[in-house]
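Taking it in order: structure first as structure tokens, then the write-up.
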Protein chains: 2
Amino acid sequence: MKILIIEDEPRTGDYLKQGLTEAGFTADLVRNGLDGMHEGLAGDYELLILDVNLPGLDGWQVLKAIRAAGREMPVLFLTARDQVEDRVKGLELGADDYLVKPFAFSELLARVRTLLRRGRPRELEKLALADLELDVLKRRASRAGQRIDLTAKEFALLELFLRRQGEVLARSFIASQVWDMNFDSDTNVVEVAIRRLRAKVDDDFTPKLIHTLRGMGYVMEIRQA
Amino acid sequence: MKILIIEDEPRTGDYLKQGLTEAGFTADLVRNGLDGMHEGLAGDYELLILDVNLPGLDGWQVLKAIRAAGREMPVLFLTARDQVEDRVKGLELGADDYLVKPFAFSELLARVRTLLRRGRPRELEKLALADLELDVLKRRASRAGQRIDLTAKEFALLELFLRRQGEVLARSFIASQVWDMNFDSDTNVVEVAIRRLRAKVDDDFTPKLIHTLRGMGYVMEIRQA
DNA sequence: TCTTCGATGATGAGGATTTTCATGGGGGTA
DNA sequence: TACCCCCATGAAAATCCTCATCATCGAAGA
């Protein structure tokens, strides 16, 4: 599995290369857009990791050139915080997924694996249930048209619920997904987090979408009365 | 690689079994101490994961019985938060490592792999430099005999420094270890964390142990003047 | 060698988030 | 109906991150 990393920041580049190598991939690193383009066109890489902030030839141009040449390998791009436009632009230009810096390496690894496994499963960008909407790309939620601000944990929790609508999610499962944490019976972080999410998402609205199933967990769904 | 999980809490047990299976191990699960003892003695497991809080025959007894029978496979035990005595007891009874609930699954996986790879590399329990001491087991630090309370991040950071005394640690490396985070050039979390740690560990003491190397990172060592 | 300047790191304060804790409500079951 | 868990909830505390500003280092030039 050959992966090409195009990243000018030395630390990040080395970090990625080392991490991916340790994870069993073959990773090459180039530190500017021009080399990146050439390598990407010439080499037989199965995935590209592309920083958009490159001096000289930037990430967009590299991506454009590669797609224009008909190369179809999945591209994961790295963008700086809160640059919503960047993310949209990247996906429009033919990238397959993105990651916002700073990111956890485990997160990157997970995405790399997904992209390599399923080909190019561009992430579903908008999730919704009833009048609740979540734009994963813009990290923005709304209900009945009203913008809702979510914290990181709230967002993760809501995303989890929306991706698994109708499924009963056990606390332990939620804990493992949102906190990467094994369930410890005497903490109630999950309940508290649910509470906060409900306050923002359900309290002022009808119908309620988050439901408690005693002894089992929670579901997000539209309940007929 | 067969692993035996002895855990009565259903959620945790299922979670562990599933996670380990997905990670490529063969995991069997038993839900009480008696079965655990029998399985552990009879089956050809290469590693045991043992909850100490079992109803009936508890984790200690299981561990004792297994070691008494001469079985030498590594044992990783799970204990509840802040039960320092438990941890000490476990290691004394012949366990090889422990994990405090709640824990990240990735952490468990890392330890399982280490135990299986290196045989039984009982973790170094006490770290020290000059009059600074860190008891990894008890999660307790002291300098010049004075107890120092550390937060989770501070502890992780200090542990990292002590395990790598004399080595220059780049910010990016620190970030990846303590935050599992790729380095983002415009955050200064690392500096701030260093600051907090210094306040507790160096400010009121001599000699200073944390040193800054401009452009490179930080080292922990005793500096001759 | 001294001085200046740019860059890197240190520091303090503020704020937001997250967790813990204690208590109360409510549903299900005997 | 009464009891017992399980969950909800609010408040307080702790931790962590961001931001703005200040200090310091080291290089370069006089």
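Values in this document were obtained by computation on a predicted structure and should not be read as measured data. Chain A is the first sequence line, chain B the second, and so forth, proteins listed ahead of strands; every chain is numbered from 1.
- In this structure, B:Thr151 reaches the D:dC16 phosphate: one of its side-chain N or O atoms is under 4.0 Å from OP1 or OP2.
- Closest-nucleotide positions on DNA chain D for A:Met216 and A:Val192 were compared, and the one nearer the 5' end corresponds to A:Met216.
- Listed nucleotides D:dA8, C:dT11, C:dG9 differ in distance to B:Arg171; the shortest reach to its side chain belongs to C:dG9.
- For the pair A:Arg214 and C:dG28, the criterion of a side-chain N or O lying under 4.0 Å from OP1 or OP2 is not met.
- Judged by distance alone, the side chain of B:Lys208 and the main-chain N or O of B:Phe205 form a donor-acceptor pair under 3.5 Å.
- Put simply, A:Tyr218 has no side-chain N or O that comes within less than 4.0 Å of OP1 or OP2 on D:dC6.
- If you check distances only, the side chain of B:Asn188 does reach the base of C:dT11 with a donor-acceptor pair under 3.5 Å.
- Among the nucleotides D:dC17, C:dT18, C:dG9, the one closest to any side-chain atom of A:Lys153 is C:dT18.
- A sub-4.0 Å separation between OP1 or OP2 of D:dG10 and a side-chain N or O of A:Arg195 is present.
- A:Arg171 and A:Tyr218 form a side-chain donor-acceptor contact under 3.5 Å, judged by distance and modelled atom types alone.
- Atom C1' of nucleotide D:dC16 and atom CD1 of B:Ile194 are separated by 15 Å, given to the nearest angstrom.
- Considering only side-chain N and O atoms, A:Thr187 lies nowhere under 4.0 angstrom from the phosphate OP1 or OP2 of C:dT19.
- Here A:Arg198 lies in heavy-atom contact (under 4.0 Å) with sugar-phosphate atoms only.
- Taking the ring centroids of B:Phe103 and A:Trp179, they lie at or beyond the 6.0 Å cut-off.
- Distances shorter than 4.0 Å separate some side-chain N or O of B:Thr212 from OP1 or OP2 on C:dA10.
- Closest approach to the A:Trp179 side chain among C:dT11, C:dG9, C:dT19 is made by C:dT19 (side chain taken as heavy atoms from C-beta onward).
- Taking the six-membered ring for Trp and the full ring otherwise, A:Tyr15 and A:Phe105 have centroids separated by under 6.0 Å.
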